[in-house]
Amino acid sequence: MKNFSKYTKQYFLPKERCMDWAERDVVERAPVWCSVDLRDGNQSLIEPMSEDTKVEFFKFLTELGFKEIEVGFPAASDTEYNFLRRLIDENLIPDDVTIQVLTQAREHIIKKTFKALRGAKNVIVHVYNSTSVAQREQVFKKDKEEIKKIAVDGARLLKKLAGEEGVNYRFEYSPESFTGTEPEYALEVCNAVLDIWQPTAERKAIINLPATVENALPHVYAQQVEYICKNINYRQNVVISLHPHNDRGCGVAAAETGLLAGADRIEGTLFGNGERTGNADILTVAMNLFSQGVDPELDFSNMPYVCSLYKSFTDMPVSPRQPYAGELVFAAFSGSHQDAIAKGMDWRKAKKLDKWTVPYLPIDPADVGREYDSDVIRINSQSGKGGVGYVLKSVYGIDLPHRMKEEMGYKAKAVSDKLHKELHADELYKIFEENFVNCRKAFDIMECHFKQVDGIQAEVTIKSGKNKSVVCAHGNGRLDAVSNAIKNHFKIDYTLTGYEQHALSQTSRSKAISYVGAEDSEGKIFWGAGIDDDILTSSYKALVSAVNNLMNK
């Protein structure tokens, strides 16, 4: 690309070094979450939500556990104004939820905002103005003092109107385009606003630091945030809030490093919806906390439900690779990954572990409402024996012998490769049944009778084509006697190997399944399986399938 030289950094680092955040490796508690889906998210949609849809979305956000929700910019349009009035007039705001409204630091807009809020109980009035070098020079054509005066006048009007209305609304101030503002100047403006508000422990102010356009690495944002946290006046009575955007694809990382730097609060949206590349994804930040053993204080335990409602409200897709929520984020197609997951699950069960350490799975999919058999182990031409065996065991109770898993894996891969498609559990079972259970091309056994004569004597009725023959043979057990009858009748030789059996479930009426391997003179093992109410019958059915596979090689 030829034009890289026209770009330069548009951010400012603090003059003092602010790197304490780098000494911390974990966020120890959930921040205060503020959803801006109904404002920042909604204004970015190709077709903004209807009033009815916004009401349902608001209810959904409260259901997820959000206690602070920005509901819009009521002075911007009649639609925004009427939505806010509906929430208030129809008493749709829970007592433990605070609504937030946005307003520019302009007198007539602030006055209309207060009018729209009449009757609301718990409110944050969020006022902002742009402070960045680019905005000061290019848009407003004002110097630093003039820009600071806009912020101070707006703060003063908020305090005056709240006093006149007799309401204890909380106030929030954002130096818009904070990351493009000199940190020392941003601090000066924020402190001037706080001097007007005089926040107390009972009525804290919020200072919000928006990465309105993400323009630097996350560690730069962290230093800017840490500088404000260390130097802001009234710190004990101020909530430091972050509003990261995702222009560089680092919105989540910026939010997390900002929390390490001392911030208390995050403004963001579900799935990062927002203008341009979007906002910080609250769902991902929250689930990252969850994966480290921290209660996110939001409920995403039914992720398919969350995805479904979000898509219906916004008409926006959820990427199949969306962290924690996408259709494929827990899916393992690779054979080695499947094998490791299956062994990890077995290890966890055997050791009775309460901590989650399963390879390739950062969290337990069940904790977000996902199913192991359909969401985790996914079978295609890249899959291996471990994954195929895991699906058969978890869905159908079929616990294949170790050496048989490999053969079943090859059969499944061949079908997937030929069809160029993923195989679901029922398709795997069909492959298993056709190749190892219902293998009767050369012969079948119609009856078996046993006597205790020189060990065990078996009288076996063998049907081959239209012919039936009764063959007697001895053996050191029933299966061995039946096997010898087959060998004598067809004049073939093989060695029984890998004989295993188990119940298909834990109930008393469970069917039995048996697995038998027949090894030919060249050392190749041919497998068969048999299923029956009687465990002996299941074993000779498995033998018949194995020898049929051998004879049809």
Side-chain angles (χ1 to χ4, degrees), residues 1 3-28 31 34 36 40 128-139 144 147 151 173-191 206-232 235 238-269 272 274-282 284-285 288-289 323:
M1 296 179 68
N3 294 326
F4 64 89
S5 60
K6 78 179 184 184
Y7 299 101
T8 186
K9 71 177 187 179
Q10 297 186 50
Y11 59 86
F12 300 88
L13 281 167
K15 292 178 181 178
E16 65 181 63
R17 184 172 174 82
C18 292
M19 292 293 291
D20 288 354
W21 66 270
E23 299 297 321
R24 307 180 183 111
D25 65 346
V26 65
V27 178
E28 296 180 348
C34 179
V36 295
D40 212 344
Y128 73 95
N129 68 300
S130 295
T131 59
S132 70
V133 173
Q135 294 267 21
R136 295 196 314 257
E137 294 178 348
Q138 301 173 36
V139 180
K144 288 182 176 180
I147 292 294
Y173 173 69
S174 288
E176 191 193 5
S177 301
F178 164 74
T179 51
T181 306
E182 307 93 322
E184 294 76 16
Y185 176 62
L187 177 68
E188 179 185 335
V189 175
C190 290
N191 278 335
I206 300 170
I207 293 295
N208 188 52
L209 307 176
T212 308
V213 176
E214 186 178 39
N215 60 12
L217 291 166
H219 81 283
V220 172
Y221 187 50
Q223 292 183 70
Q224 295 166 334
V225 171
E226 184 176 311
Y227 173 78
I228 298 296
C229 288
K230 285 182 173 180
N231 294 283
I232 197 81
R235 180 64 182 97
V238 172
V239 175
I240 299 296
S241 176
L242 307 179
H243 187 110
H245 277 254
N246 197 44
D247 298 270
R248 291 170 55 97
C250 302
V252 167
E256 292 181 322
T257 53
L259 290 174
L260 291 177
D264 311 297
R265 182 177 185 264
I266 298 288
E267 292 187 352
T269 59
E275 292 193 274
R276 304 182 309 280
T277 56
N279 291 47
D281 176 12
I282 282 184
T284 298
V285 179
N288 284 350
L289 290 174

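Below, all heavy atoms of this structure are taken into account, side chains as well, without hydrogens, waters or symmetry copies. As the structure is a prediction and not an experimental result, all values here were calculated from the model.
- Within the model, atoms NZ of K230 and CD1 of I228 stand 12.5 Å from one another, a figure rounded to the nearest 0.5 Å.
- For the side-chain contact (heavy atoms from CB on, under 4.5 Å) test with Y11, the passing option among V220, L217, T181 is V220; the others fail.
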Exercise. Going through the checks in order, is the side chain to side chain contact (heavy atoms under 4.5 Å, CB included) test met by Y185 and R136?
Worked result: CA-CA 12 Å; Y185 176 62; R136 295 196 314 257; 3.5 Å; yes
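- Side-chain contact check for N215 versus K9: every heavy-atom pair is 4.5 Å or farther apart.
- Of the inter-residue distances, the one linking C190 atom SG with I240 atom CD1 reads 7.5 Å to the nearest 0.5 angstrom.
- Scanning all heavy atoms of the two residues, the minimum distance from N191 to N231 falls at ND2-O, 3.9 Å.
- Residue G251 comes nearest to A280 through the heavy atom pair O-CB, 3.8 Å, listed as atom of the first residue, atom of the second, then distance.
- Between Y221 and F178, the angle of the ring planes goes over 60°, which puts this pair in the perpendicular group of the 30/60° scheme.
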Exercise. Can you list the steps and then say if R24 with L259 is a side chain to side chain contact (heavy atoms under 4.5 Å, CB included)?
Worked result: CA-CA 10 Å; R24 307 180 183 111; L259 290 174; over 6 Å; no
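- At a threshold of 4.5 Å between non-hydrogen side-chain atoms, the residues T179 and T212 do not count as touching.
- Heavy-atom minimum distance, A151 versus V189: CB-CG1, 3.7 Å.
- When each of E137, E182, E188 is checked for a salt bridge (charged side-chain N to carboxylate O under 4.0 Å, His left out) with K144, only E182 meets the rule.
- Checking side-chain atoms of E226 against main-chain N and O of W21 turns up a donor-acceptor pair under 3.5 Å.
- With sequence neighbours left out, S174 forms a side-chain hydrogen bond (donor to acceptor under 3.5 Å, both in side chains) with H126, N208.
- Checking side-chain atoms of E176 against main-chain N and O of P210 turns up no donor-acceptor pair under 3.5 Å.
- Side-chain atoms of E256 do not come within 3.5 Å of backbone N or O of V285 as any donor-acceptor pair.
- For the pair E214 (side chain) and R248 (backbone), a donor-acceptor distance under 3.5 Å is present.
- Summarising the geometry of A255 relative to L242, their closest heavy-atom pair is O-CD1, 3.8 Å, with the distance given to 0.1 Å.
- Taking every heavy atom of both residues into account, S241 and I206 meet most closely at CB-CG2, 3.7 Å.
- The side-chain heavy atoms of V213 and Q10, taken from C-beta on, include no pair separated by under 4.5 Å.
- The main-chain N or O of I147 is found under 3.5 Å from a side-chain atom of N129 such that the two form a donor-acceptor pair.
- Taking OH of Y227 as the start and NZ of K15 as the end, the distance is 8.5 Å to the nearest 0.5 Å.
- A distance of 10.5 Å separates CG in D20 from CD in Q223, rounded to the nearest 0.5 Å.
- Considering CD of E28 and CG of L260, their distance stands at 9.5 Å, rounded to 0.5 Å.
- P323 places none of its side-chain heavy atoms less than 4.5 Å from the side chain of N288.
- Residue E16 places its CD atom among more than 12 non-hydrogen atoms of other residues, nucleotides or ligands, all under 6.0 Å distant.
- More than 12 heavy atoms of other residues, nucleotides or ligands shown are found within 6.0 angstrom of CD on E184.
- A distance of 7.5 Å separates CG in L209 from CD1 in I232, rounded to the nearest 0.5 Å.
- Within the 4.5 Å cutoff, side-chain heavy atoms of H243 are placed close to those of N279.
- Of all heavy-atom pairs spanning A211 and P244, the tightest one is CB-CA, 4.0 Å.
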